Amino acid sequence: MPRSELARLRAEEDFPDGLRARLHTVDAGGGARLLGISSARFARLARGGCFSPVSFYVNRYRTVVWLYLAPELREFAQRRPELLAGYLPRGLRILLAEGVDLRAGHWRGRRVGELCRQAEGPWEAAAARAAVLAGDVLEEAVPDARERARLRALRPELTPHRGRSAAVGELARQVCTASAEDEIFWQRLLLAADLETARAAEQSATAQDAARAVRRARPVRSAVPVAGRACALPPVRSLPSAAAVREPEQCRTGTGRGSRSARGTGSAERARTCRGQAETAAAAEKARARDGWTRVLHRACVGRALPVRWCRDARREWTVGLSRPAF
């Protein structure tokens, strides 16, 4: 029992007398006296399922003695007072005449419900549900051998009977095993639902573990090179050189054959080719300009009768100026 529940019980005003009153159990004789009826009538009401036992034990005569909660018997007396006197209902008389005894089945259902509420997980709850099924019934309900082994490993004890004789243990196992067809059908139906819940929870947990493993195993891209491992860095585009920046318009505008090499790929071979073409074009342009300015100066000198020395100095200045590199 959790410590928080014990603390809650101790904090109540009627502790401990109230707790003892709520947990007070009586056998068939004590229950009959509590309800004010005969023991035979109490046994008939109990076998008919009017109230369910909470526990049992095997006495020295190897007889099963059922125990009932006194508060539940008082509640039954207040809820159904007509069953405490007079004739029993016809349906209940027919069931009792057929030899129906629902005490063991009601106790098993109650005990399994308690174990399912106390289970730590879905597989523990399914194991508690399978604890009341016989071996052949469990094999038919759960065809997978691995799942049956798992349920047997997690199977709780419905009632402690260790340390007793073999006859007492066998009798206790009979009480803990479902025998009626309707009870077996109901327990198998609930077991199938519990197994579906357990399988779904296990698949979800497996998927989450796999996702976490994939995230942990994913490589981290680092900008620092590691010895023995290639560094995954994005490609860096090479910056244009000063010569490429100062290339003539033919290479910079992309109209020439070497424009793509100078602007995009940065290949050394294509850059040299473009630079050579640009130098050749510039040399030709300078030659044409030099010849043109020579003719202009000659016409000016001759037409205006300028001194020949001045014309030679001017031609030399223009020739030196035009011979300087344009880039």
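Fair warning: this is a prediction, and the values are worked out from it, not measured in the lab.
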Pair [X] + [Y], salt bridge at N-O below 4.0 Å:
{"X": "Glu72", "Y": "Arg110", "answer": "yes"}
{"X": "Arg47", "Y": "Asp101", "answer": "no"}
{"X": "Arg199", "Y": "Glu202", "answer": "no"}
{"X": "Arg93", "Y": "Glu98", "answer": "no"}

Looking only at non-hydrogen atoms, find the nearest pair between [X] and [Y] and report the distance.
{"X": "Leu84", "Y": "Ala77", "result": "CD1-CB, 3.9 Å"}
{"X": "Ala128", "Y": "Cys116", "result": "CB-SG, 4.2 Å"}
{"X": "Arg129", "Y": "Leu190", "result": "NH1-CD1, 3.3 Å"}
{"X": "Arg155", "Y": "Ala131", "result": "NH2-O, 2.6 Å"}
{"X": "Pro156", "Y": "Leu115", "result": "CG-CD1, 3.7 Å"}

CZ on Arg22 to CG on Leu9, rounded to 0.5 Å: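 Answer rounded to 0.5 Å: 6.5 Å.
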
Starting at CZ of Arg188, measure out to CD of Glu140 and round the result to the nearest 0.5 Å.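 Atom-to-atom, Arg188:CZ and Glu140:CD are 4.5 Å apart.
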
Within the side chain of [X], is there an N or O that forms a donor-acceptor pair under 3.5 Å with the backbone of [Y]?
{"X": "Thr177", "Y": "Arg173", "result": "yes"}
{"X": "Asn59", "Y": "Arg62", "result": "yes"}
{"X": "Arg74", "Y": "Leu35", "result": "no"}

Could you walk me through whether Glu5 and Arg8 pass the salt bridge (Lys or Arg N to Asp or Glu O under 4.0 Å) test, one step at a time? CA-CA 5 Å; Glu5 185 66 17; Arg8 185 188 65 82; 2.4 Å; yes

Just say parallel, tilted or perpendicular for the rings of Trp66 and Phe56, cut-offs at 30° and 60°.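 Taking Phe56 first and then Trp66, their aromatic rings sit tilted (interplane angle of 30° to 60°).
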
